[in-house]
**Q** 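Sharing a structure below in structure tokens format, with a few things to ask.
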Protein chains: 2
Amino acid sequence: MTLTDYPPFSLLGARSQALLRQCSLQRHEVSPAPLLGKGQNISGAYVVLSGCLRVYTLTPAGHEATQYFIRPGETCVFALNSLFNDVRYPAWVAVEEAAEIAFIPGPVFRSLFALEPVMQDLTVRTLSVLVFRLMAMLEEMHACTLGQRLANLLLLHAGADGRVSMTQQVMANHLGSSREVVARLIGALVACGAVSSHRGYVCVRQAALLAARSGM
Amino acid sequence: MTLTDYPPFSLLGARSQALLRQCSLQRHEVSPAPLLGKGQNISGAYVVLSGCLRVYTLTPAGHEATQYFIRPGETCVFALNSLFNDVRYPAWVAVEEAAEIAFIPGPVFRSLFALEPVMQDLTVRTLSVLVFRLMAMLEEMHACTLGQRLANLLLLHAGADGRVSMTQQVMANHLGSSREVVARLIGALVACGAVSSHRGYVCVRQAALLAARSGM
DNA sequence: GCAAATCTGTAGCATTGGTTACAGAAGCGG
DNA sequence: CCGCTTCTGTAACCAATGCTACAGATTTGC
């Protein structure tokens, strides 16, 4: 497999496809060890083909806080930027779900961007979506209590069966809080029948959780 | 004056300049009334030529919280996005310093983007910078206390003479907090000699403030 | 089946930040 | 100069969150 097997790259012209075949493609398993560290130098774009990456910061106190996820078809696009200024990555990145990731070196990305409207489109779209998500997170941080943010997290990650497979520690990492606080909040949600708690996962009763979220 | 008088637009070719002459150009004075409201439909790009715009959210409790500023040469680029999805603006925008603003309608922006590498560059750069700023703010919100964020705000807005011309209410709006809390924090900074407080402004002693920030 | 590791539940206390409620100071307009 | 408005300073209290310290439950590996 090469990058050229995946849309939208499969749609590009022969010349672009030749460029793309230079790109390395790697499979990464889930791991707490960061793939990219804050301050690391980046000189290209990472494209997620399958799986999910998590971008997060670390507070001085050692808490993690998720900033956003990168899902299939999306990109860490700092390539263009890093060709001008010598940009260093502003956060940590880890593998959230086993992922296939392609790396497009800066010069290649730049050529593709100049040649292919599809790539311009992809880049701008990815960046715009990211801006919207980050703005939404900032707003949520100002507008919501931790309880409400936890409820949002659970609603967002619940499968069709209402199951959210995360330990409380992982939830705390997403929220930038601590395990004990999450336990306390989950306790409250259990008390009002919005979720049930188990080792390694919780089960969400969506309607009840929506209701509970309002009154937190 | 038209948009074509300002770089980088002045560098564009004749055909692009013809397009740009269709764009309206308006001067706006400082005003608390929002220029753009959350949820409003946008169908183009706003380019700030001089002055400064402020992008902020409102919490249910009625607090404002600044998300970022738009300074000369920068753009609210949601044009491309809004041609695909019918995007609504995710926050409020107000005039922070008297500003000249050009509006480039969506279709015009799209043509320019397709024609002119300079515009592609400008767009991607603006978006990347915005992503970095938003990530930095999210990180700050997780990592810093309100006192530290206030110190950062003051350091960032201090003139060469150390003067920061803002009322405490305005500072509170930037931070998403309330006037009383800001007063309390400024009181602490005054007590340790980091700033002096006056009606409508504070004077920063930079070195002392940097030191004080660590121990908040 | 047992020990170690991991995860959850809970309680108490400290800190931060938000709210309420005033009092006084500074500027402004007439 | 006087009254109105705006801005600042303060205090007391409360709610949300963080931190410390365990105890008990579940799972895993051997």
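Numbers restart at 1 for each chain; the letters A, B, ... are given by sequence-line order, proteins then strands. All figures in this text were calculated on a predicted structure; none of them were measured in a lab.
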**Q** Whole-Å distance between C/dC7 P and A/H198 NE2?
**A** 16 Å
**Q** Would you say the base of C/dG9 and the side-chain of A/R179 have a donor-acceptor pair closer than 3.5 Å?
**A** yes
**Q** Given D/dG9, D/dC19, C/dT10, which nucleotide is nearest the side-chain atoms of A/A61?
**A** D/dC19
**Q** Does OP1 or OP2 of D/dC19 have a side-chain N or O of A/H63 closer than 4.0 Å?
**A** yes
**Q** Is A/S177 close enough to D/dG18 that one of its side-chain N or O atoms is under 4.0 Å from OP1 or OP2 there?
**A** yes
**Q** Could you state the atom-to-atom distance from CE of A/M141 to P of D/dA16 in whole Å?
**A** 16 Å
**Q** Looking across every strand, which nucleic acid part, if any, lies under 4.0 Å from B/S178 by heavy atom: base, sugar-phosphate, or nothing?
**A** base
**Q** Once hydrogens and angles are ignored, does a donor-acceptor distance under 3.5 Å link the base of C/dT10 to the side chain of A/R184?
**A** no
**Q** What's the spacing between A/L189 CG and A/S196 OG if we round to 0.5 Å?
**A** 11.0 Å
**Q** So, OP1 or OP2 of D/dT6: does either fall under 4.0 Å of a side-chain N or O from B/T167?
**A** no
**Q** Counting only heavy atoms not in B/R133, do more than 12 fall under 6.0 Å of its CZ?
**A** yes
**Q** Between D/dT10, D/dT6, D/dC19, which nucleotide gets closest to the side-chain atoms of B/R199?
**A** D/dT6
**Q** Whole-Å distance between D/dT8 P and B/I186 CD1?
**A** 8 Å
**Q** A/Q168 side chain N/O closer than 4.0 Å to the phosphate oxygens (OP1, OP2) of C/dG9?
**A** yes
**Q** What's the closest nucleotide to the B/V181 side chain, out of C/dG18, D/dT10, D/dC19?
**A** C/dG18
**Q** Is it the case that the ring center of B/F69 lies less than 6.0 angstrom away from the ring center of B/H174?
**A** yes
**Q** Would you kindly give the CG-to-C1' distance between A/L185 and D/dA15, to the nearest whole Å?
**A** 13 Å
**Q** Atom CG of A/L175 and atom C1' of D/dA16: how far apart are they, to the nearest Å?
**A** 14 Å
**Q** What's the closest nucleotide to the B/L146 side chain, out of D/dT20, C/dG18, C/dT19?
**A** C/dG18
**Q** Using atom CG of B/N173 as one end and atom C1' of D/dC7 as the other, report the distance to the nearest whole Å.
**A** 14 Å
**Q** Heavy-atom distance under 4.5 Å between the side chains of B/K38 and B/L58, does that happen here?
**A** no
**Q** Round to the nearest Å and state the distance from A/Y201 atom OH to D/dT27 atom C1'.
**A** 13 Å
**Q** Could you give the CD-to-C1' distance, from A/E180 to C/dC13, as a whole number of Å?
**A** 14 Å
**Q** Nearest 0.5 angstrom please: B/L138 CG to A/L138 CG, how far?
**A** 4.0 Å
